Amino acid sequence: MDIAASTRIPAIALTGVSPAARRKLDEVEEFVQNRCIPAETVFAQQLGVETKQRFATHHSIVEDLKEEARSRGLWNLFMAKEYCEDGAGFSNLEYALMAEQLGQSFIASECMNCSAPDTGNMEVLLKYGNLEQKKEWLQPLIDGEIRSAFLMSEPDVASSDATNIQFDIKRDGKDYILNGSKWWSSGAGDPRCELYIVMGKTDPCNPNPHRQQSVILVPSRTAGITVHRMLSVFGYDDAPHGHGHITFDNVRVPTANLVLDEGRGFEIIQGRLGPGRIHHAMRCIGVAERALNLMVSRAAEPKKKPFGKMLSQHDIVMARIARARAEIDAARLVVLNAALKIDNGDPKSAIGEIAEAKILVPEVLLRVLDDAIQLFGAAGVSQDTPLAYMWASARTMRLVDGPDEVHLLQLAKRETRRASVIRQKQARQETIMAEICQDRGITRVDPLHLGWTAQTKPRL
Ligand SMILES: Cc1cc2nc3c(=O)[nH]c(=O)nc-3n(C[C@H](O)[C@H](O)[C@H](O)COP(=O)(O)OP(=O)(O)OC[C@H]3O[C@@H](n4cnc5c(N)ncnc54)[C@H](O)[C@@H]3O)c2cc1C
């Protein structure tokens, strides 16, 4: 029999998870495994094949599951009590464990109102929105009645560096006038997407490049907005939410829609991304677990016996399964550590740990998925297993919320900042080493003086 998720919590994290969170974790797991995963086929069928239909339909299976999840208290689990009375009140560590379960199904996050980009957008409204903005936009998002998109990336600039953003936000009396082009606006395809949270520049000449940007709330049906097309990910359209390419042509929005003040856009996106990266990373761990389950199952499939042996009897298959197990478990610890660091401080204090998770987890997931695809042979790249779609989505994790390189660079900078301390320590050790060598009649021949090579001076 399967062991419940709460009994699989890594020992190192166990004391940080309350009994209530453990119970909820098991309920989430049960709902994902027995209600969401089996419903995926119906979801795919309801989506259909016609592009127009895929982005226009209301999927009754998801709406039904949303109702069920809400009635079972499996709703908005990501939301901290700190910002919202109605919040589930779990810590980042606790929710991270739940996000892993959500990641196992394509539809579970939405069914429990825990899907990106809505979670991050709700957090923006919770943390930075004023009362009016919360009333108008946050409540329907909390209730799962509408969906939202976060519009930062632009086609004409390197969007991994948000200071490059060109989108123009100009004040005109009681309004702002918005002009520019945005793309990869995830969620914009959903017919229920009513809100765009848009980042642009209100003060492009500000000498501080991090004070030029502002964030503004834009109803998606405002005049002057055109959704030109939906972008695909390796051919997948990610319907119904999709990734929109959108232009704004003299779009007029009241000044009351600005979040916080002019020039605070950077601060807002930074606050949005920290916990969001943990959610993404833990959902990825869930995807990896599902892939590993598929590997284990396929290796035990009696009908598939290449060269007269079950796949599980081939050493190379067993080695891949073992490596997947070890790497997933290691990656999980890295994410939970980052979640714990946020809980004990804030996203800023956990910036290094978050970067580690952001870099490592997609790498592990892609390796596991690749091995799983290999194990399934040609079926692995086809529509007959979920693996190809899982791989396509996973590959985007190396780009979204900042490409690998940005996080690698940030992490490396933090590491190399320690250089002078390390060098001082080495110099101290060098002095002590020289004294010890002299005492014992040893001549050092290591030209770099790193202490490993030595030659004994013959004693006369
Ligand atoms: C599926 C998906 C969903 C997305 N959803 C959203 C969304 O909802 N909202 C939104 O605003 N955006 C979204 N994006 C966009 C995403 O955030 C950007 O693609 C990402 O920030 C990278 O920006 P870019 O594509 O402009 O690449 P660029 O900034 O042009 O970078 C291109 C490449 O340059 C290299 N590079 C960048 N910086 C460095 C560096 N410092 N050192 C070395 N090399 C470097 C990297 O290899 C990088 O991949 C989404 C993207 C995808 C694929």
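The figures that follow rest on heavy atoms only: side chains count, while hydrogens, waters and symmetry mates do not. Not measured: the values here are computed from a predicted model. Numbering of ligands and ligand atoms starts at 1, following listing order.
- Put simply, part of V157 is less than 4.0 Å from ligand 1, judged by heavy atoms.
- Less than 4.0 angstrom separates atom 44 (N) of ligand 1 from at least one non-hydrogen atom of the protein.
- Between L340 and N92, every side-chain heavy-atom pair lies at or beyond the 4.5 Å cut-off.
- Under the 4.0 Å distance rule, the nearest protein heavy atom to atom 28 (P) of ligand 1 falls inside the cut-off.
- At under 3.5 Å, a nitrogen or oxygen of S186, whether backbone or side chain, sits near a nitrogen or oxygen of ligand 1.
- Looking at E154 next to ligand 1, no N or O pair under 3.5 Å apart turns up.
- When side chains are defined from C-beta on, I373 counts as touching V381, because their heavy atoms get closer than 4.5 Å.
- The shortest N or O to N or O distance between S185 and ligand 1 is not under 3.5 Å.
- Which of S160, A158, A188 comes nearest to atom 30 (O) of ligand 1 through a heavy atom is settled by distance: it is A158.
- Per-atom contact check: atom 12 (N) of ligand 1 touches the protein, criterion being a heavy-atom distance below 4.0 Å.
- Of the listed options P155, S153, S159, S153 places a heavy atom closest to atom 16 (C) of ligand 1.
- Here H241 and H243 bring their ring centres to under 6.0 angstrom of each other.
- Short contacts between ligand 1 and V406, defined as distances under 4.0 Å to a heavy atom of the residue, involve ligand atoms 38 (N).
- A 4.5 Å side-chain heavy-atom check between T163 and H210 finds at least one atom pair inside the cut-off.
- Scanning the protein heavy atoms around atom 41 (N) of ligand 1, the nearest turns out to be L409 CD2, 3.7 Å.
- In this structure the side chain of F248 never reaches within 4.5 angstrom of the side chain of N179, judged on heavy atoms.
- Checked by atom type and distance alone, the side chain of Q101 never pairs as donor or acceptor with a backbone atom of E27 at under 3.5 Å.
- Between T385 and L294, every side-chain heavy-atom pair lies at or beyond the 4.5 Å cut-off.
- Using a distance-only test at 3.5 Å, with no hydrogens or angles considered, a donor-acceptor pair links the side chain of D118 to the main chain of S148.
- Among the candidates N113, D143, N76, the single residue satisfying the side chain to side chain donor-acceptor pair (under 3.5 Å) test with R70 is D143.
- Residue contacts with ligand 1: F150 is placed with a nitrogen or oxygen under 3.5 Å of a nitrogen or oxygen of the ligand (distance criterion only).
- Outside the 6.0 Å centre-distance limit, the rings of F43 and F106 are not counted as a close aromatic pair.
- Contacts with ligand 1 closer than 4.0 Å are made by side-chain heavy atoms of E405 only, the backbone lying farther away.
- Of the protein's non-hydrogen atoms, V400 CG1, 3.5 Å is the one closest to atom 51 (C) of ligand 1.
- Distances between N or O atoms of W184 and those of ligand 1 include at least one value under 3.5 Å.
- Counting protein heavy atoms under 4.0 angstrom from atom 32 (C) of ligand 1 gives zero.
- In this structure, the protein non-hydrogen atom closest to atom 1 (C) of ligand 1 is H243 CE1, 3.7 Å.
- Proximity of V317 to L375: side-chain heavy atoms (C-beta onward) are separated by under 4.5 Å at one or more points.
- With respect to atom 20 (C) of ligand 1, the closest heavy atom belonging to the protein is L399 O, 3.4 Å.
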